[in-house]
Amino acid sequence: MAKYQVPKDGAKIGYQNGKLNVPDNPIIPFFPGDGTGPDLWRATKIVLDAAVEKAYKGKKKIAWMEVFAGLTALQNYDKDTVLPDETVAAFKEFRVGLKGPLTTPAGSFKFVCLVCAAELMDRPAKCPKCSSEWITPRFRSVNVGLRQKLDLYACVRPVRWYKGVPCPVKSPEKLDIVIFRENTEDIYAGIEFEQGTKECQEVYDFITKKMGKKIPFPDSGIGIKPISKTGSQRLIRMAIKYAIAHKKPSVTMVHKGNIQKFTEGAFRDWGYEVAKAEFRDAIVTEAELWDNLNGKMPAGKILLKDRIADQTFQQLLLRPDEYSVIATPNLNGDYLSDAAVAQVGGLGIGPGANIGDGVAIFEATHGTAPKYTNKDQVNPGSLILSGVMMLEHMGWQEAADLVVRGLEATIAAKTVTYDFERQMEGAKKLKCSEFGQAIVKNMGGVAVAA
Ligand code: NAP
């Protein structure tokens, strides 16, 4: 018997021939997450429910189903379980989900408190920082675990500016991109050997003696970065399909192929290969543009180009409007996503999704911001906009548009959470929950209880 309760008034989302079949009362699994997650979740639920209610006048309604992960998993399952199998299974079965941030231990300590994220070398009965009893041994990232177990191979992050959001650049409106970052390979494969261990020595000997490669110092830790044709092509395929569906002008493959030819460079080559094989009528490559078309893009076609990762950072700052959809391996995408979202106002407003074939989980891109736990203070914009992506993914565009309208009006009225207020002249500071309510009011809706 599962610990989560399937809502009786909901129905399952189906999936056939690569398409979702969304009923009017879809069951959506969610978990609020650790730290500030519950505050963010309450504000987000109010906004999404109100938008759906207003857009469809009661004909459609989300049947939310809470599943457990992180702290709530510790509280509901056997000791030390942070990602129960049935949570993974629920996301798989119900196909579309929403999640809050989760504590992810880092470094060499042995235990972590899931309430305040304190990192500990031993396991006291109560946390010395917050007195909670929810201390568990260090574990691998639940976020990464979910992505891998469900094969959510694309981390998708739209990055655009919302009028009025304080940001460090002069023309933030010029950046409007969607980043497709590979989610299962490259450094996320997690293949590492610790310096000084027998395994590391064996790998070192294999590489230096058997493969004849030079590693500068024998006291190296060693990481392995696999990038496959299958993994690259399915990601780039998804990015091109997105560009076609959303009438985007270009897809740029961002790589470091000048240095790593057989991983990063191959990513690019496999991208051109899959584009020509499967989307020949929809795309024009940059080489074709200049060699055959005199630099004139035919109407309705998508320009497929590639750029070296380091220069992409300056391009996004200096010529952001030349970029639209970006497809890139894991590590490049990690850096690029956060840098791009900083350009338009920071993590408080950056939504994200992890998407595979037939399963998708939408999530805020920031972490648990533990110092603000239960203070009703943080900006729920990122989780709310992740909800917008979720509504769009379900084909509920009208509700998605309402949320964006409410959010834009709320920011334009200079009624914002602390993170924006401290950078905006004359702004009024709202709590996390008040910000959610203001969005509902500004979309012309009525708040539905959290
Ligand atoms: P973080 O939680 O993202 O917080 C870093 C800082 O970013 C905060 O102190 C705050 O800045 C700002 N911030 C984050 N969320 C915000 C929001 N909603 N509204 C306004 N400002 C916000 O990063 P962290 O402190 O490095 O990580 C904390 C925990 O979260 C760690 O265990 C980490 O591993 C985990 N994490 C989880 C995810 C995920 O679940 N997807 C992602 C990243 C990190 P100010 O202090 O300047 O106000």
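In this text, all values refer to a predicted model and were calculated from it rather than measured experimentally.
Taking the ring axis of Tyr162 as reference, the NZ or CZ atom of Arg160 stays within 45° of it and closer than 6.0 Å to the ring centre.
Looking at Tyr153 and Arg147, their side chains never bring a donor and an acceptor atom within 3.5 Å of each other. Under the 3.5 Å distance criterion, with hydrogens and angles disregarded, no donor-acceptor pair is assigned to the side chains of Tyr15 and Asp357.
Side-chain atoms of His246 come within 3.5 Å of backbone N or O of Tyr242 as a donor-acceptor pair.
Salt-bridge check for Glu288 with Arg280: passed, with a basic side-chain N closer than 4.0 Å to an acidic carboxylate O. Ion pairing of Glu286 with Arg307 is present here, as a side-chain N (NZ or NE/NH1/NH2) and a carboxylate O approach within less than 4.0 Å. A salt bridge does not link Glu185 to Lys225: none of the charged nitrogens lies less than 4.0 Å from a carboxylate oxygen.
Nearest approach of Val440 to Val47, heavy atoms of both residues: CG2-CA, 3.9 Å.
When the shell of 6.0 Å around NZ of Lys60 is examined, it contains more than 12 heavy atoms from other residues, nucleotides or ligands. For Lys92, the NZ atom sits in a loose shell: 12 or fewer heavy atoms of surrounding residues, nucleotides or ligands are nearer than 6.0 Å. Heavy-atom neighbours of Tyr335 OH from other residues, nucleotides or ligands within 6.0 Å: at or below the threshold of 12. Counted within 6.0 Å of NZ on Lys305, heavy atoms from surrounding residues, nucleotides or ligands total more than 12; the atom is thus considered enclosed.
Between Phe30 and Trp41, the ring planes are parallel. Angles under 30° get that label, and only those over 60° would be called perpendicular.
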